[in-house]
Amino acid sequence: MKGTVYLIGAGPGDPGLLTLRGKEILEKADVVVYDRLVSPAILGMCNPKAKMVDVGKMPTHHKVKQSEINRLLVQFACEFPGGVIARLKGGDPFVFGRGGEEALELVAAGVEFEVVPGITSAISVPAYAGIPVSHRGIATSFHIITGHEKADGRTCHPERSEAESKDPGQNLSLDFETLAKCPGTLIFLMGIANMDFIARRLMECGKDTKTPLAFIEKGTTPYQRTVMATLETAGEKIARENVTAPAITIMGGVVELGQTLAWKKNLPLAGKRLVVTRAAKQASGISARLTALGAEVIETPMIETRDVIPAKAGISSADFNALANFDILAFTSTNGVESFFRQLFAAGYDVRVLAGKKIASVGKITEKKLLEYGIRCDYVPEDHTGEGLGRLLRDVVNKEERVILSGERSSESKDLIESRILLLQGNLADDTLLKLLPQATRWVVYETLPVAELPEWKREAVAGADAVVFASTSAVENFCSVILSGERSSESKDLNRESLTTPASCSPRLAFCIGRMTESAARKHGYETVTSDETTMDSLVKKIVEHYKKES
Ligand code: SAH
């Protein structure tokens, strides 16, 4: 059995434009193979335990060749039997995304796959600039064209191709005669480097030199920019305004509607990337508010979980046979469910070892998680608490005890029955259940630890940010130690780097802080600080907005 590959469209940039289906798969992915244009916010939605593979730039900062990507997908499908391999691509996977080629390879290798369409930049990016691709009386069709196709008919890799094109236009095999006659809206992807050539050829073939066109750079992201031109000024505008990839070019009468319909507000934090450190779950409030003000927020949680059955439960991972000693398995968190099954499967077992056992869950969310593994719960307490679960299992055990006693097998003591309950929990779970079920056995299946390291993609996102937001001294300390440990490990690969010794030198220099204590902790680590007047999130958000208003 191999894993399944999901070719997922990430949409054009705004993380809100990822589909629900795409998000659902990313949350449970074992591996995520992603392209350069995918936003950090979407990478942040992926299962934190997933192996993240950047094929836009890897491993020595060269993009991975398409044939290598195809090979990797098949390899991961074999390495993760029954697993979920997400192939995450910008926009829609089948719109100049080479999704078709990848799918063909998967078919050839006998790997199952699914396609999760995405919102293509071709239509959504103009929409974010207030340009409808069709409009009654102006354009009755629209045409999506690659501005970068090799003469042999292969489109180049969508990432980078613009920047890499040394010989504008030479490779293009477009039928300019037909395109010039086409009355509909023309939308060029990957066309910036060749646009001067494309515009000239279209004019030579008779297209009106005054045709309005717009270049939309980094559309739908906080960095979106629209530059208007006409066919005759296209090349000159690109050079003068320094239009850079990723950008699309849209041509035709509909472009003029953009003057009236440009709806995207110029938000006060547009174009700013802010790192929000979270001690636990509490920072989501501030992230949402900064996002609503136009910022791109990189959340860096400071705790993580790790599987631990072999170490903590005193059994080797191959010793899941011990499960035979238990009749009831009780789960108290989705993390517990995931860790348990991950380790069970890794040790070569499958769900059949649970045959005949009763399964208990503390609440509905854990129950739902179990259902994902094909397991229906026998016991879920009404009140969804550890105490409720403990009492419920007590009752179950007592009832069984009565049955056994009335069946005159009185040698089976109550203790023995209770000891057949196995609790599968994290190291921070309190003792409520154990207290109510003193003879039960507990396996710690996962541990919660301070985050030791940021994933590569997140370190890069942090390095490219404008500022860090700190709400407590512990957030400062945790963040700095994580950043420094990441730097040390990359420094060891690159011994020539000597200067990177303070957190502020490998993350943005500016820190927005709540409270004087937080401020002095951040200063101690070399940050320049801007501190809120009051120790509230409201006051901090206000301060951040004021800071950037002053700057501009
Ligand atoms: N599959 C993608 C397109 C891949 S080709 C899709 O459906 O959108 C890559 C090209 O898409 C880029 O060169 C650029 O022309 C365009 N593009 C992708 N994202 C964009 C964005 N956010 N803003 C402007 N253009 C974008």
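Taking 4.5 Å as the limit, every side-chain heavy atom of Leu179 sits out of range of all side-chain heavy atoms of Asp175. Side-chain contact between Thr220 and Ser121 is absent, with no heavy atoms from C-beta onward closer than 4.5 Å. Here the side chains of Ile192 and Phe215 are in contact, with some heavy-atom distance below 4.5 Å. A 4.5 Å side-chain heavy-atom check between Glu79 and Phe76 finds at least one atom pair inside the cut-off. Between Lys458 and Ile298, some side-chain heavy-atom pair lies under the 4.5 Å cut-off. Residues Pro132 and Leu261 are in side-chain contact: their nearest non-hydrogen atoms beyond the backbone lie under 4.5 Å apart. Residues Val84 and Val5 form no side-chain contact, since every pair of their non-hydrogen atoms from C-beta on lies 4.5 Å or further apart. You'll find the side chain of Val255 reaches within 4.5 Å of the side chain of Met228, heavy atoms only.
A donor-acceptor contact under 3.5 angstrom links the side chains of Glu296 and Tyr223, judged on distance only. A donor-acceptor contact closer than 3.5 angstrom is absent between the side chains of Thr4 and Glu112.
Counting all heavy atoms, side chain and backbone alike, Leu231 lies closest to Asp208 at CD2-O, 3.5 Å. Shown here for Val243 and Glu217, the closest heavy-atom pair between the two residues is CA-OE2, 3.2 Å. Between Cys78 and Lys2 the shortest heavy-atom distance is SG-CE, 3.8 Å.
For residues 246-264, no pair satisfies side chain to side chain donor-acceptor pair (under 3.5 Å), with sequence neighbours left out.
A distance-only check finds no donor-acceptor pair linking the side chain of Asp30 to the backbone of Gly83 [under 3.5 Å]. The closest donor-acceptor contact from the side chain of Lys237 to the backbone of Ala229 lies at 3.5 Å or more, if one exists at all. Proximity of a side-chain donor or acceptor of Gln343 to a complementary backbone N or O of Ser339 within less than 3.5 Å is detected. At distances below 3.5 Å, not a single donor-acceptor pair connects side-chain atoms of Asp35 with backbone N or O atoms of Leu37.
Residue Leu371 qualifies as enclosed at atom CG: its count of foreign heavy atoms under 6.0 Å is above 12.
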Practice task
Report the C-alpha separation of Tyr128 and Thr226 in whole Å, then their side-chain angles, then the decisive distance to 0.1 Å, and conclude whether the side-chain hydrogen bond (donor to acceptor under 3.5 Å, both in side chains) test is met.
Solution key: CA-CA 10 Å; Tyr128 266 53; Thr226 305; over 6 Å; no
Practice task
Take Asn47 and Leu26, measure what side chain to side chain contact (heavy atoms under 4.5 Å, CB included) needs, and give me the verdict at the end.
Solution key: CA-CA 6 Å; Asn47 172 6; Leu26 294 177; over 6 Å; no
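Remark: Phe345 engages Phe341 in a ring-ring contact (aromatic ring centres under 6.0 Å, His included) (not counting sequence neighbours).
Note: Phe340 and Phe331 meet the aromatic proximity criterion, with ring centroids under 6.0 Å apart.
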